[in-house]
Each structure stands twice: as C-alpha cells, then as structure tokens.
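As the structure is a prediction and not an experimental result, all values here were calculated from the model. Numbers restart at 1 for each chain; the letters A, B, ... are given by sequence-line order, proteins then strands.
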Amino acid sequence: DAGVTQSPTHLIKTRGQQVTLRCSPKSGHDTVSWYQQALGQGPQFIFQYYEEEERQRGNFPDRFSGHQFPNYSSELNVNALLLGDSALYLCASRPGFSIETQYFGPGTRLLVL
Amino acid sequence: DQQVKQNSPSLSVQEGRISILNCDYTNSMFDYFLWYKKYPAEGPTFLISISSIKDKNEDGRFTVFLNKSAKHLSLHIVPSQPGDSAVYFCAAILRGDSNYQLIWGAGTKLIIKP
C-alpha cells in the first residue's frame, strides 16, 4: 500500500495562473481533506470531500475548489493565483469518521512568482 | 486569530533526557486534542491524542497532559531519542453540525542532541 500520494511534488506558477493538485488516498479510505501550510505555520483546513461532495469548508475563498472522483481520489484547484498562495498543500485521507486514522501525504510545494 | 498556540518555535534536548512540548488553546469548545510529528519531506503522522474528559494519556515514551482550566496541554517524551528530532504539531478538534475539522498550532521543532 503506497499510502497517500500527491502530485506533483513541486510546482512553480505565476500570479493569475490556475493550478490543479492531485491526491490519491490510502487504500480503503473514502474521506479526503486538503490543508494549506504556509512557511512557519501549522496546516490550515481548506475543505473535506466524502462521497464526491464537499462536506466541510474552512475559511478559504472561492478561488479554492475541489473535486472527488468515484475512486476517492481528489483534486484541489486554485484559480487566479496570488503570491500568498505559495505554501505546502497537504492531502489527508481517512476511512470514515476516525481522526486518528487520518494519513497525510507528503504534500505539494507550490511557489507563486 | 490563533486558537491553538505553540509558543516555542524550537527546542533542543539532550539525548536520554525528557522533552516537554507545550501547547495552549483559547476555544473552550475544543474537546479532543492530538499531537502530530512531521519529518522533512513527509506528511504529519499521528502520535497521541487526549479527550477533554481525561487529564493524561500515555503511550510508551509519549505522555500527553491536559489542564482544562489553564487551557494548556503538553507532550512529554522520555527518554528522548535522536529519531524524535522532528517538528511536533498540536491540533484540536472543532466540531460542526455533522463533521469536524482540525485546528493546528504552528509547530515546535525538536532537536535531540547526541
């Protein structure tokens, strides 16, 4: 089992561009959450997907959107990139409700120039 | 508004000694807390948790203490080992109507000196 995988590992974009980040959850996990971790800070919750629907959302603008596919994999899309969107984006998956069994991927490092 | 605070960005401890990492929170609605450990280029991994109905939870070398009146929790690692060198995050659960989310501290980088 590969655990939670994310692609790409690193990405450089310019302001105003759009980006799509991808996440494959751990086998058997149906709930996927996305977090943004700025340098020197803890992860901040963006949103969570379950059964292909956004179930909960943190305090992020509509420029951040997502999708979950029938195989439970997920995408995070960010439109109209700002310099402040530069961060490590973490994907986490878990089976159902248990928070202790939430596994994190290694993240995608996004740099916006 | 930081609801979970880890005021020490870094901590250096001698191998074999006790490491104590601290965390403060402001929201009295938090009722469950978790500690995560993160190595470079890896995602955070769950370490230990504690419910607000308890004041202590132990798992091997790791013990978490919760002081609800002070809104303070701490993670004790004893004895500290070189492999414990990592960034440690404190997180609290904020419950919604039918779901919950994690609120994280900024992390403390623990360095274990040989």
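With a 4.5 Å cut-off on non-hydrogen atoms, B:Lys38 touches chain A through its side chain but not through its backbone. Both the backbone and the side chain of B:Leu102 come within less than 4.5 Å of a heavy atom of chain A. Heavy atoms closer than 4.5 Å to chain B are found in the side chain of A:Gln48, but not in its backbone. Residue contact with chain A, scored on non-hydrogen atoms closer than 4.5 Å, is absent for B:Ile48. Heavy atoms of A:Gln37 lying under 4.5 Å from chain B belong exclusively to its side chain. If you measure heavy-atom distances from B:Gln101 to chain A, the contacts under 4.5 Å come from both the backbone and the side chain. Neither the backbone nor the side chain of B:Thr45 comes within contact range of chain A; no heavy atom of the residue lies under 4.5 Å from a heavy atom of that chain.
By the neighbour-count criterion of 12 heavy atoms within 6.0 Å, atom CZ of A:Arg15 is sparsely surrounded, having that number or fewer from other residues, nucleotides or ligands. Heavy atoms from other residues, nucleotides or ligands lying under 6.0 Å from OH of A:Tyr72 number 12 at most. Summarising the local packing, CG of A:Leu39 is surrounded by 12 or fewer heavy atoms from other residues, nucleotides or ligands at distances under 6.0 Å. More than 12 heavy atoms of other residues, nucleotides or ligands lie within 6.0 Å of CG in A:Asn71, so this atom counts as buried by the packing criterion. Within 6.0 Å of NZ in B:Lys68 there are 12 or fewer heavy atoms belonging to other residues, nucleotides or ligands. Within a 6.0 Å sphere centred on CZ of B:Arg61, other residues, nucleotides and ligands contribute more than 12 heavy atoms.
A single hydrophobic cluster is not seen to contain both A:Leu110 and A:Val4; linkage of ILVMFWY side chains at heavy-atom distances under 4.5 Å, directly or through other members, places them apart. With hydrophobic clusters built from ILVMFWY side chains whose heavy atoms lie under 4.5 angstrom apart, A:Val19 shares a cluster with A:Tyr49.
Between B:Trp104 and A:Tyr35, the closest side-chain pair of non-hydrogen atoms falls below 4.5 Å. Counting heavy atoms from C-beta outward, B:Tyr36 and A:Phe104 have side chains that approach closer than 4.5 Å.
Remark: side-chain polar atoms of A:Gln56 are paired, donor with acceptor, to backbone N or O of B:Tyr100 under 3.5 angstrom.
Between A:Leu90 and B:Gly43, the shortest heavy-atom distance links the atoms CD2-CA, 4.4 Å.
Counting heavy-atom pairs closer than 4.5 Å to chain B, the top-ranked of the candidates A:Gly42, A:Gly40, A:Pro43 is A:Pro43.
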